[in-house]
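Heads up, the thing below is written out as structure tokens.
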Amino acid sequence: KGNKVAGKMLVGHVFTIEPMVNAGKWQQVTWPDNWTITTKDGLKSAQFEHTMTVTPTGAEIFTASADGRPHYQRQLEALGIPLPTLGTSATPTPLPAESPAVTTAE
């Protein structure tokens, strides 16, 4: 609400880019803690973040990895969960039942 004003990025400024992928609608609700955000329709969403700083020659990405792969991909690989492949199917790959990332509470 208070940070939607056009501004100027200067050397030394630190910022994040935080895309959110939603199973349903993109419209959001901010909780009373003024931090937590959920979608209005309550469907599942995933959020990822990159932290960067402005340098004299461009930007430095603090969350970049040596191999160029996002951290979540290494996490999924360590859990034995296959990475989704874009454009192959509208049906998501189910998580293995033994995965600690799986929750059954609805």
Side-chain angles (χ1 to χ4, degrees):
K1 292 179 182 180
N3 64 349
K4 306 259 186 222
V5 179
K8 188 174 187 180
M9 300 292 300
L10 301 174
V11 172
H13 284 181
V14 176
F15 64 100
T16 61
I17 295 177
E18 305 179 31
M20 182 183 281
V21 179
N22 305 308
K25 304 286 184 186
W26 63 268
Q27 291 86 356
Q28 65 190 33
V29 174
T30 302
W31 288 14
D33 64 7
N34 288 321
W35 183 264
T36 306
I37 294 176
T38 59
T39 55
K40 283 185 179 180
D41 60 16
L43 294 175
K44 293 181 180 182
S45 297
Q47 182 265 341
F48 187 76
E49 178 178 309
H50 268 304
T51 303
M52 304 173 207
T53 189
V54 179
T55 69
T57 59
E60 179 181 348
I61 303 173
F62 294 126
T63 48
S65 60
D67 65 3
R69 292 173 57 209
H71 179 65
Y72 80 91
Q73 288 184 355
R74 287 188 297 283
Q75 289 176 311
L76 291 175
E77 190 174 80
L79 292 168
I81 300 171
L83 293 175
T85 304
L86 295 176
T88 59
S89 172
T91 306
T93 304
L95 296 173
E98 68 278 2
S99 170
V102 174
T103 57
T104 56
E106 291 292 323

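These values consider heavy atoms only, across backbone and side chains, with no hydrogens, waters or symmetry-generated copies.
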**Study point:** Distance, nearest 0.5 Å, that separates CG of D41 from NZ of K25
**Key:** 7.5 Å

Practice item. Considering non-hydrogen atoms only, spot the tightest contact between L43 and G24 and give its length. Key: CD1-CA, 3.5 Å

**Study point:** Heavy-atom pair with the smallest gap, counting every atom of F15 and M9
**Key:** CD2-CE, 3.0 Å

**Study point:** Same apolar cluster (I L V M F W Y, side chains within < 4.5 Å links), V54/F62
**Key:** no

Study note, to complete from the structure: Rounding to 0.5 Å, atoms CD (E49) and OG1 (T16) come to a distance of 4.5 Å

Review point. How many angstroms lie between CD1 in I81 and CD in Q75, if you round to the nearest 0.5 Å?
Key: 9.5 Å

Revision key, fill the gap. Scanning both residues in full, the closest heavy-atom pair of W35 with T30 reads N-CG2, 4.3 Å

Review point. Would you say the side chain of I37 lies within less than 4.5 Å of the side chain of Q47, judging by non-hydrogen atoms?
Key: no

Review point. Short question: side chain of T53, backbone of H13 - any donor-acceptor pair under 3.5 Å?
Key: yes

Review point. Taking the side chain from T63 and the backbone from T51, do they hold a donor-acceptor pair closer than 3.5 Å?
Key: yes

Revision key, fill the gap. Taking every heavy atom of T39 against every heavy atom of S45, the minimum-distance pair comes out as CG2-OG, 3.3 Å

**Study point:** Non-hydrogen atoms of H50 and I61 that approach each other most closely
**Key:** ND1-CG2, 3.7 Å

Point to revise | Over all atoms of both residues, closest heavy-atom pair of K40 and Q28 | key: CE-O, 3.7 Å

